[in-house]
Enquirer: 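Below you will find the structure I want to go over with you.
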Protein chains: 2
Amino acid sequence: MELNERKKKILEVIIRDYINTAEPVGSRTLSKRCNLGISPATIRNEMADLEDLGYLVQPHTSSGRIPTQKAYRYYVDEIMEIRKLEKMIRTDIHRGFLNTTTELGSTMDHTARVLSQLTNYTAVVLAPRVTNFNCRNVQIVSLIKNRVLMVVVTNEGMAKNIEVALSQDVDNALALKLSNVINGFLKNTNLSDLSSELVDRIQEMTPEESKLIHEIIPHLKKVLLDEDSEVHSTGLTNLFNYPEFSDVNKIKQLINLVQEKQVLSEMMTNNNGNQVIRIKIGSENDNENLKDFSIITSTYELDGEMMGAFGVIGPTRMNYDNVSSVLNYIRNELNLHISNLLMK
Amino acid sequence: MELNERKKKILEVIIRDYINTAEPVGSRTLSKRCNLGISPATIRNEMADLEDLGYLVQPHTSSGRIPTQKAYRYYVDEIMEIRKLEKMIRTDIHRGFLNTTTELGSTMDHTARVLSQLTNYTAVVLAPRVTNFNCRNVQIVSLIKNRVLMVVVTNEGMAKNIEVALSQDVDNALALKLSNVINGFLKNTNLSDLSSELVDRIQEMTPEESKLIHEIIPHLKKVLLDEDSEVHSTGLTNLFNYPEFSDVNKIKQLINLVQEKQVLSEMMTNNNGNQVIRIKIGSENDNENLKDFSIITSTYELDGEMMGAFGVIGPTRMNYDNVSSVLNYIRNELNLHISNLLMK
DNA sequence: TGTTAGCACTCAGTTATTGCGAGTGCTAAT
DNA sequence: ATTAGCACTCGCAATAACTGAGTGCTAACA
């Protein structure tokens, strides 16, 4: 069902108004705001039609109308367009990225902060997943007694590490030897292909060393698969200023959501439509805690390979065009910055 | 001004009651609850006295009384005692610690979770500060181009790391060499005493290597000083169930507080009184965001040296005795667990 | 036939009024 | 010193009346 131009225009104005004010929009207010030169009565007729079509609802008889989820979807798909950000804002963002330190983690923090500042919603940023990348280098660092730190470095120069306890004590010398053995393997083999049989073929190891290597390998593989560790979020309290969040239960929902890093991570990286900017409105979200929110996400890449995701969580009456524009620009900046940081 | 036994008893019952119900306590209710066999009228007289002395206030004429901050302080200092936890709870906690993995970080997470579960308030745990400890071992790991990961290991086997960019490219071999040089220094010198002059005395380095070492040392020192990184908190939403937190502004305050890891860290480690369990009530807290809360903290040690802190944040009508008892027991468990993990 | 003015109607939210009840302070009797 | 009794206070819940922004419908109009 296609809407005629006037209906489309009216719907647009209602949505814009409601996004700004969070108040139901009435026909009189509307006729003043949009300069179509039509009277409240006419608008009422049109609004009644739009209600029949499922784009508007009345919270109660005798109040103005508010947009439905379907209306937001229509707005996002058919009406709004992703604008270019103002020059001043663009250069601000650009300079900000130049000033971040060379550490990847702080770039992520910075991104989250900028996002939440520019949008006034809650920002979430996923640090690069090492999962998809190959491991170039492993360092075993002796800690104390049988405990070691394993550092895994990918081809792109990203590092992750975990502490583990092994079955025997490991001193500096042994740690170095173990590192060398494993790095020897990695010259020819992917970490994920590293099997017990391969290890057993190497002769010049004592039984103890061989045993340790066998213990270490599964841990290394686990490091690469570990997902939830690096979720940065900011601006939680931004949302509290919006009237729909005066309810403590909604706040609880939001906090629970942000704390479930695993879920957040899956949700944001699962890009079925292959779109650059993905918008999920209200109940379009699978996650129960997100049913009352909208989330807009995007991804950043290195060498065409998806590395991570970032996005913004807000009320369903979110400022979709502004947020999309911001995400779009940040995405470019981030891609640029990351490839500077990691390119061979 | 000392209180006589009866006043003391009455004050105790009022505080206990108010902690449970968050409702002002009246004389009639009170006379039923405490079996001193005195009538409401007498109690009213005593309550009037207690009000004059500053221990009670009436939210409005003609309502019951609620304890003041002074009353809580009196209760904490003079009335309550730290009980031993029930056997069952004790063994539960103990088993929980045995089951945590060997990684320090997960022990901290576990501690926070247990604390918030047992108290129903918000728990905060500071991971060990490396600041006070000496560095035994440094590993420079080549990442990509001029970027390296620096891993610092203390004598006790705790590890910290940062990524930095150096002025020249560093490959695996160079990284190893740099590590060896620095570790050579550390055999005889504390990291904090490592100066440029010392470095210059070593002959067998190329000018480039020497330059890199000079760049690296300040970074290493900074790693040890970095404080805010490891603050674990849980149970934020626990507090939302208490009636005093139906106000969104208070929630905001709390969230801001928990996010300011630096502040939290300073506040919790600054132990002027040298007490095992430290209780700060309402405005006794220096931090503006904490003025409406109470916080109870304790510390854990290794070899008599303070390593970190943990504690609980809640309303001023906090269940002081229960929380103190829990902290007291967890402290012992944590000390035990950590020394098992790190003892040479 | 589409648009608009006019009018009766709806209903959330605010204000004013009232009554209730838990609590107090004071006084006089025990 | 303690307590029973009583008048008084005051927050709070319930009720009623009022307001105003908004609607749907009808009839008139271009």
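Just so it is clear: chains get the letters A, B, ... in the order the sequence lines come, proteins before strands, and each one is counted from 1. As the structure is a computational prediction, the values presented were derived from the model and not from experiment. All values below come from the heavy atoms of this structure, side chains included, with hydrogens, waters and symmetry mates left out.
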Enquirer: Rounded to the nearest Å, what distance is computed from the CD atom of residue B:Glu23 to the P atom of nucleotide D:dG11?
Expert: 15 Å
Enquirer: Could you check how far NE2 of B:His60 sits from C1' of D:dC10, rounded to whole Å?
Expert: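 It works out to 7 Å between those atoms.
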Enquirer: Looking at B:Lys7, B:Lys70, B:Arg44, B:Arg65, which hits salt bridge (Lys or Arg N to Asp or Glu O under 4.0 Å) with B:Glu51?
Expert: B:Arg65
Enquirer: Taking all non-hydrogen atoms of both residues, which atom of B:Ile279 and which atom of B:Val76 are closest, and how far apart?
Expert: CD1-CG1, 3.5 Å
Enquirer: Expressed as a whole number of angstroms, how long is the span from B:Ile66:CD1 to D:dG11:C1'?
Expert: 14 Å
Enquirer: Quick one: which of A:Ile10, A:Val25, A:Ile14, A:Ile15 gives a side-chain contact (heavy atoms from CB on, under 4.5 Å) with A:Leu56?
Expert: A:Ile14
Enquirer: Are any of B:Thr42's side-chain N or O atoms less than 4.0 Å away from OP1 or OP2 of D:dT3?
Expert: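 It does, given that an N or O in the side chain of B:Thr42 lies less than 4.0 Å from OP1 or OP2 of D:dT3.
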Enquirer: Over how many whole Å does the gap from A:Ile38 atom CD1 to C:dT4 atom P extend?
Expert: 7 Å
Enquirer: According to ring pair (Phe, Tyr, Trp, His ring centres under 6.0 Å), who are the partners of A:Tyr75, at least two apart in sequence or on a separate chain?
Expert: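 Per chain and number, A:Tyr75 pairs via ring pair (Phe, Tyr, Trp, His ring centres under 6.0 Å) with no residue.
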Enquirer: So, B:Thr234 versus B:Arg113: side-chain donor-acceptor pair below 3.5 Å or not?
Expert: no
Enquirer: Treating primed atoms plus P, OP1 and OP2 as sugar-phosphate and everything else as base, which nucleotides of nucleotides 17-30 of chain C get B, S or - for protein heavy atoms under 4.0 Å?
Expert: -----BSBB-----
Enquirer: What's the CG-C1' distance between B:Leu30 and D:dT3, to the nearest Å?
Expert: 16 Å
Enquirer: Less than 6.0 Å separating the ring centroids of B:Phe245 and B:Phe293?
Expert: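 Yes, ring centres under 6.0 Å apart.
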Enquirer: Separation of A:Lys7 atom NZ from C:dG2 atom P, in whole Å?
Expert: 11 Å
